[in-house]
Amino acid sequence: MTIQQISSFAAGEWIAPGAGARNIASAVTGEVIATAGNNALDVQGMLDHARNVGGPALRKMTFHQRAKMLKALSVHLGKHKQAMYDLSFNTGATQADHLIDIDGGIGTMFVFASKGRREMPDGHVYLDGEVEQLSRNGTFLGQHICTPLKGVAIHINAFNFPVWGMLEKLAPTLLAGVPAIVKPATNSCYVTELCVRLMLESGILPNGALQLVSGGLGDMLDRLTMQDVVSFTGSADTALKLRANPVILENSVRFVAEQDSLNCSVLGPDAAPGTPEFDLFVKEVQREMTTKAGQKCTAIRRIIAPEPHVQAVIEALSARLAKTTIGDPKLETTRMGALVSASQKRDVLEKAAIIGHEAECVFGNPDDFVVDGADADKGAFLPPMLFHCSDPDAALRVHDTEAFGPVSTIMGYRDTDHAIELANRGQGSLVASVITHDADVARKFVMGAGAYHGRLYFNNRDSMKESTGHGSPLPHMVHGGPGRAGGGEEMGGVRGVMHYMQRTAIQGSPDILTAIGERWVPGAAEVNAPAHPFTRRYHDLAIGETIHTAPRTVTMEDIEHFAEFTGDTFYAHMDQAAAERNPFFPGRVAHGYLLLSFAAGLFVEPNEGPVLANTGLDNLRFMKPVEAGDSIKVRLTVKKKTRRNDEYGEVRWHVTLTQQDDEPVAEYELLTMVAY
């Protein structure tokens, strides 16, 4: 068998294994299949290359350009999934596991590409929140903005997800405009290396945006600055050692950790045997115990059920676990493959023995189980092992010891408060699930357990067909947790991008804020339009371009006609005495939506032109009532432009309605699609 040489990619060059390289064995056969590592890597050169080449190249791109780059990478990787599947079988992963790791990683990158286009500007500065008025007359304002850090992100990933673990960190990093140095766990780095090669060979990434360390980092962390970020996934012990690095502490280097977690799943008090929730609960636990051979940071480690139902859960869960076929992951009949390595198998057995001091093993014997198509002694195979802790209040180790494999412990609770107490005994988890059809139980868990868990997953008969599962972190939602789970957050859509950007408070005049944010701020200079803006194409329109309309008088006939035509005969518009009793109105007043209709009539250009569609209206508010006899006029200003494709872009208009005394009546933002 040819032993694969797993290289690093440093400063634009592939570096083969060298001094300090270590062998990597197949999880299935135990045979050496690869070697990786090189103690002679020029880590300072890698950091310099990222900071001086990759960073500037990424920061020249807008958020939308970087989002398009992520989409192109996703499409490219999708065309080469099979090659990664074939290689990943050696990690012990089944085809179903590949869908979580490889397809899941590509899907995560797709989501960040989409969110970058939809939720971030086509510019270089991200505006965080609304403008703050810091002065009486609005000449001095404040705004929070985010800009890319000028350093490099060091991604230290775990062995269990060699593709997803990399891409879920890489996507928000690149979208932020920060280059990355990826360091996968050595046991499965050969899969990561292939994925990195595919991305680099595509030519999609700018030079210096992505580098790879296959093996150890050397003293790279000793060379970091306040502009760098470390994002880590792994054990709590390793996280503590890395976080305690004097340079990281001295320079306040951002450290995002996702680590050990005693996740739990709670069977609600209403979910008795025979209910859809009971069956769903057993199915979810069995899946989380066996997927990736239990090597998931979100796997269920503690099963918490009402004391009267504990035995029923044990019996039902044992029956499902007994049907789990363990074997060569390449076999279509295999439902659970091997752990990643022999050392990982030993670690799981050691942790299971610790749990065994406080709990009884009620299913699974590591000394007696069947493996299809492989040798149980040569490969890193284990059966699912279920423990029962009869006294969870007195127990300690079942709440602080994670066997990172197909091992879980069931325990009983007396009432909902007791279940919450047990769930929180883990001292911080990535996820806790509650299977219940009782909304009051769900709310009670949120209030009692929310502070201890990064994600609370509720499921029942109503959502079970479409739910994604207890153990599935989604790119839209934060992935992380307090305390033992590391205290960090990953993904979460744009929230994840912010880990790699600096939030800065800027203060200045409306013109200054407009120039920085490329979004017109009320009070900033208005640009005189050379023609009606609805006659001008997207690329011709300027931020701040404004028209002021002629006034229109609102009559009582207008108000009554609108009421009759629409059916909106609310008393404030039709009953003078009732309207006068209302403290907000002087008497009968015009409908707010009548005013909006009149506003559109004042600023619209009726002839065919580049405006293709009105797609929405945001942030509408009414500030002052309008009576019959009042007149209104409109200011229409180009607030923001966002290019959507080569044919058209979105123009966001700031619309202000004022009365004859120039007092504001209403304000909103109009969205239109305008031909490019």
Side-chain angles (χ1 to χ4, degrees), residues 2 4-17 24 33-36 38 46 49-50 53-54 57-58 61 65-91 93 95 97-114 116 153 155-175 178-215 231 233 475:
T2 301
Q4 189 178 359
Q5 303 293 299
I6 309 302
S7 299
S8 298
F9 187 72
E13 295 184 5
W14 286 101
I15 309 296
I24 305 170
I33 59 171
T35 184
N38 191 323
M46 295 180 72
H49 187 64
V53 179
L58 286 169
M61 304 167 71
Q65 289 171 330
R66 295 193 288 263
K68 289 180 181 178
M69 176 184 71
L70 292 181
K71 182 178 180 180
L73 285 173
S74 304
V75 172
H76 181 73
L77 290 176
K79 296 176 180 178
H80 296 85
K81 290 189 294 186
Q82 189 60 52
M84 290 185 279
Y85 292 164
D86 294 341
L87 202 56
S88 190
F89 282 120
N90 284 313
T91 69
Q95 182 62 39
D97 296 334
H98 298 338
L99 298 180
I100 299 172
D101 181 29
I102 296 167
D103 291 64
I106 295 171
T108 294
M109 188 170 272
F110 262 121
V111 170
F112 274 99
S114 175
H155 294 168
I156 304 172
N157 296 319
F159 64 79
N160 51 339
F161 289 104
V163 175
W164 178 85
M166 171 179 62
L167 298 183
E168 61 97 11
K169 292 183 177 69
L170 187 61
T173 303
L174 294 178
L175 184 55
V178 175
I181 297 175
V182 174
K183 185 260 180 286
T186 305
N187 282 334
S188 55
C189 68
Y190 49 91
V191 184
T192 308
E193 189 223 37
L194 174 58
C195 187
V196 170
R197 282 186 183 274
L198 290 169
M199 288 190 285
L200 293 174
E201 290 170 359
S202 72
I204 296 169
L205 286 167
N207 188 21
L210 175 61
Q211 299 178 78
L212 170 71
V213 174
S214 298
S231 186
T233 299

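- Side-chain atoms of Phe89 and Gln95, non-hydrogen and from C-beta on, do get closer than 4.5 Å to each other.
- Every side-chain hydrogen bond (donor to acceptor under 3.5 Å, both in side chains) that Asp103 has, sequence neighbours left out, goes to Lys81, Tyr85.
- For the residue pair Asn157 and Lys169, a side-chain donor N or O sits within less than 3.5 Å of a side-chain acceptor on the partner.
- In this structure, the side chains of Val213 and Gln211 stay at 4.5 Å or more apart for every pair of heavy atoms.
- Residues Ala11 and Met46 approach most closely at N-CG, 4.4 Å, considering heavy atoms.
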Verdict with supporting geometry, Phe161 and Glu168, side chain to side chain contact (heavy atoms under 4.5 Å, CB included)
CA-CA 10 Å; Phe161 289 104; Glu168 61 97 11; over 6 Å; no
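- Residues Ile6 and Ala36 approach most closely at CB-CB, 3.7 Å, considering heavy atoms.
- Considering all non-hydrogen atoms of both residues, Ala153 and Thr173 come closest at CB-CG2, 3.6 Å.
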May I have the step-by-step check of side chain to side chain contact (heavy atoms under 4.5 Å, CB included) for Val191 and Glu193, ending in yes or no?
CA-CA 5 Å; Val191 184; Glu193 189 223 37; over 6 Å; no
Evaluate Val163 against His98 for side chain to side chain contact (heavy atoms under 4.5 Å, CB included), listing each step before the verdict.
CA-CA 9 Å; Val163 175; His98 298 338; over 6 Å; no
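- Classification of the His80-His76 ring pair by plane angle, with boundaries at 30° and 60°, yields tilted.
- A search for side-chain hydrogen bond (donor to acceptor under 3.5 Å, both in side chains) contacts involving Ser114 returns Arg118, not counting sequence neighbours.
- Side chains of Leu198 and Lys79 form no contact here, defined as non-hydrogen atoms less than 4.5 Å apart.
- To the nearest 0.5 angstrom, Asp97 atom CG is 14.0 Å from Trp164 atom CH2.
- Atom CG of residue Leu194 and atom CG of residue Asp86 lie 9.5 Å apart, to the nearest 0.5 angstrom.
- Summarising the geometry, atom CD1 belonging to Ile24 is positioned 7.0 Å from atom OH belonging to Tyr190; distances are rounded to the nearest 0.5 Å.
- Side-chain contact between Ile15 and Ser7: absent, with no pair of heavy atoms (C-beta onward) separated by less than 4.5 Å.
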Just do the side chain to side chain contact (heavy atoms under 4.5 Å, CB included) check on Leu175 and Met69 with the steps written out, would you?
CA-CA 9 Å; Leu175 184 55; Met69 176 184 71; over 6 Å; no
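- Residue Leu73 holds its CG atom at 14.5 Å from NZ of Lys68, rounded to the nearest 0.5 Å.
- Between Cys195 and Met199, the closest side-chain pair of non-hydrogen atoms falls below 4.5 Å.
- Within a 6.0 Å sphere centred on CD of Gln65, other residues, nucleotides and ligands contribute more than 12 heavy atoms.
- For the pair Asp101 and Gly165, the tightest heavy-atom approach, listed with the atom from each and the gap, is OD1-N, 4.4 Å.
- Shortest non-hydrogen contact noted between Gly208 and Pro179 is O-CB, 3.5 Å.
- Between the CG atom of Leu200 and the CG atom of Leu210 there is a distance of 5.0 Å, given to the nearest 0.5 Å.
- Using a 4.5 Å heavy-atom threshold, the side chains of Thr91 and Phe159 count as separate.
- Considering only heavy atoms from C-beta on, His49 comes within 4.5 Å of Asn207 through its side chain.
- For Ala209, the side-chain contact (heavy atoms from CB on, under 4.5 Å) criterion is met by Leu58, Leu174, Leu205, Pro206, not counting sequence neighbours.
- The closest side-chain heavy-atom distance from Pro184 to Val182 is below 4.5 Å.
- Take Ser8 and apply the side-chain contact (heavy atoms from CB on, under 4.5 Å) test, not counting sequence neighbours, and it matches Leu41, Ser214.
- Residues Asn38 and Pro17 share a closest heavy-atom pair of ND2-C, 3.8 Å.
- Residues passing the salt bridge (charged side-chain N to carboxylate O under 4.0 Å, His left out) test with Lys71: none are found, sequence neighbours excluded.
- Residues forming a side-chain contact (heavy atoms from CB on, under 4.5 Å) with Ala171 (at least two apart in sequence, or on another chain): Leu70, Met109, Phe112.
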